[in-house]
Participant: 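Please see the structure below; I have some questions.
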Amino acid sequence: MYLERIFQQDPHQIAVCQGDIRYTYGQLYAEAQQLAAFLKESRGPLLVFGHKHPRMIVSLLACLLSGRAWVPCDSSLPAERIHRIMGLCGAEQLFYAEDSEINAAIPSFHWNDIPFSDERFEFIFCKERIAYIMFTSGSTGTPKGITISCGNLENFAQWILQYPQLSRASILNQANLSFDLSVADWCMALCNGGTLLLNSKQDQFELARFFSLIQKQSDCTLVCTPTFLRLCLCDHGFCQEQMPALKAVFLCGELLPKNTAALMLQRFPELYLFNAYGPTEATCAVCGVQITAEHLEQDLLPVGEISTAAVHITVEQNEICLEGDSVFRGYLNQDAQSSCYHSGDLGTIEQGLLYCFGRKDSQIKYMGYRIDLVEIRHHVEALPDIQQAVIVPQYDRSGSVRRLTAYLQPFPTCIDDLRHELAKQLPSYMIPSLFFPMEELPLTPNVKIKMR
Ligand code: AMP
């Protein structure tokens, strides 16, 4: 059992750090037990609001101990979206993992509201029980709840821990805890008795701080999106001589451009560069492969080895299909999913390697975030006076989305007001950067939208 290991580590070892805040495994367990005792008194999923505070992890452990589903909500999400998520999952209360609060009439509690308890709970593995729910952009205009069971998570942990090259003493996190890429970092750290280093938005914004954190480690793995890696590579100091402790990078969530991988291997010749693939619906990642100089000779980089995958992968009519114990059983409040999950990703399998070359629908990845363009359109068209909107992603030469542009009809008199209204509903990364009148929509001769 891999999840059980989360509760069996050396209590003196440092488990989670964020800035100056440090939790040993012992402290993590003590707080998780106290919160679990409180959670046992009510039912339903627990919404947790915060950014990268270690109490987010305390709440995760408390949910595993008390059998409640953990619903992490990053503090960057607008209050109305959180309200919506709360309604969708039927959560009665929100737990503030840190001091910041949202300005909304949501029933909530803070750490100081939790009574002391000396009750102790054991983690009881139950395959079907929901471990967490993550919400992603939905094509209907409403966030989609993806429910991941303890069985799904166990299968993912089993797969990821078979790579000793990734299991280092410290695991550096980048993604918000409400994105499933972060499952790779906390799972790798906690199941292995390592230290999880949570990096706030601020740490990532000031790369010098982030780099000095790497320099303080003895042995670490960075878990991030290719977009973030590209940002790091803009600094020439991001190299093996300056950061010998960085031994491995786990990438997932979006296309890894060949030039990013090439530059990374040039700067860190001995690094274990791992490109993983998977949707939130199949618990973070289902396969991965070490990227080596040999792969750089191909047009497209592989996203995983099929032989070591956590699930059964097939490509049917060019679409990647996933089946097995890491695959979820269905979206929240919807009928159960068939055993085979059609990912919407276009791909191929060649010589035991999976390649992914795009989507068959309106879903994109922008700065690592998963966005359904229909959801943005839905919100723009819901604004008074806007009759029609088209949201167009613009790509750079490496194939990554550079920005989102909205074409509107009629064109409003004040774009700032429109942005302000959208910000009440959508996270900032879903708000288009540019707005134009519909007549300027770039069309190809056969009236299709020009994407590049
Ligand atoms: P998410 O649910 O946010 O993890 O997003 C899952 C989607 O990200 C997948 O369906 C793919 O479209 C994309 N994706 C994940 N990993 C990769 C990868 N290594 N290369 C290309 N696209 C990826």
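Atoms within a ligand are numbered from 1 in the order they appear, just like the ligands themselves. Note: hydrogens, waters and symmetry copies are ignored here, and every other heavy atom, side chains too, is used. One-based numbering along the sequence shown. Quantities reported herein were computed from a predicted structural model and do not represent experimental measurements.
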Participant: Distance to 0.1 Å, residue and atom name: give those for the protein heavy atom nearest to atom 12 (O) of ligand 1.
Facilitator: Asp345 OD1, 2.5 Å

Participant: What about the rings of Tyr163 and Phe250, do their centers lie closer together than 6.0 Å?
Facilitator: no

Participant: Who passes side chain to side chain donor-acceptor pair (under 3.5 Å) against Arg403, sequence neighbours left out?
Facilitator: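 By the side chain to side chain donor-acceptor pair (under 3.5 Å) rule, Arg403 matches Gln394.
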
Participant: Which of the numbered atoms in ligand 1 are under 4.0 angstrom from any heavy atom belonging to Leu255?
Facilitator: 20 (N), 21 (C), 22 (N)

Participant: List ligand 1 atoms under 4.0 Å from Asp180, heavy atoms only on the residue side.
Facilitator: 4 (O)

Participant: For Arg359, take its heavy atoms, then give the atoms of ligand 1 lying under 4.0 Å from any of them.
Facilitator: 10 (O), 12 (O)

Participant: Do Ala276 and ligand 1 have an N or O pair less than 3.5 Å apart?
Facilitator: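 Yes; at least one N/O pair falls below 3.5 Å.
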
Participant: Keeping Asp396 on the side-chain end and Arg402 on the backbone end, is there a donor-acceptor pair under 3.5 Å?
Facilitator: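 Judged by distance alone, no pair lies under 3.5 Å.
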
Participant: Looking only at non-hydrogen atoms, find the nearest pair between Ile431 and Leu422 and report the distance.
Facilitator: CD1-C, 4.1 Å

Participant: Could you measure the distance from the CE atom of Met134 to the OG1 atom of Thr283? Nearest 0.5 Å is fine.
Facilitator: 10.0 Å

Participant: Taking 4.0 angstrom as the limit and counting only heavy atoms of Val303, give me the atoms of ligand 1 inside it, by number and element.
Facilitator: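 Every atom of ligand 1 under 4.0 Å from some heavy atom of Val303: 18 (C), 19 (N), 20 (N).
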
Participant: So which protein heavy atom does atom 13 (C) of ligand 1 come closest to, and at what separation?
Facilitator: Gly253 O, 3.5 Å

Participant: Between Tyr366 and Tyr429, is the ring centre distance below 6.0 Å?
Facilitator: no

Participant: Identify, by atom number and element, the atoms of ligand 1 in contact range of Thr280, meaning under 4.0 Å from any of its heavy atoms.
Facilitator: 1 (P), 2 (O), 3 (O), 4 (O)

Participant: Where's the contact between Thr136 and ligand 1, heavy-atom distance under 4.0 Å: side chain, backbone, both or neither?
Facilitator: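 Within the 4.0 Å criterion, Thr136 makes no contact with ligand 1.
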
Participant: Do Phe228 and Phe210 have their ring centres less than 6.0 Å from each other?
Facilitator: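 Judged by ring-centre distance (under 6.0 Å), Phe228 and Phe210 do meet the cut-off.
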
Participant: Quick one: look up the protein heavy atom nearest atom 5 (O) of ligand 1 and list residue, atom name and how far away it is.
Facilitator: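 Result for atom 5 (O) of ligand 1: Lys365 NZ, 2.9 Å.
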
Participant: Between Asn155 and Ser326, does any side-chain donor sit less than 3.5 Å from a side-chain acceptor?
Facilitator: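 On atom types as modelled, these side chains qualify, holding a pair under 3.5 Å.
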
Participant: Work out whether the distance between some heavy atom of Gly344 and some atom of ligand 1 is less than 4.0 Å.
Facilitator: no

Participant: Is Glu281 in polar range of ligand 1, meaning some N or O pair under 3.5 Å apart?
Facilitator: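 N/O-N/O distance below 3.5 Å does not exist for this pair.
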
Participant: Donor-acceptor check, side chain of Glu319 to backbone of Gly344, threshold 3.5 angstrom: yes or no?
Facilitator: yes

Participant: Could you check atom 20 (N) of ligand 1 against the protein and tell me its nearest heavy-atom contact, residue, atom and distance included?
Facilitator: Glu254 O, 3.3 Å

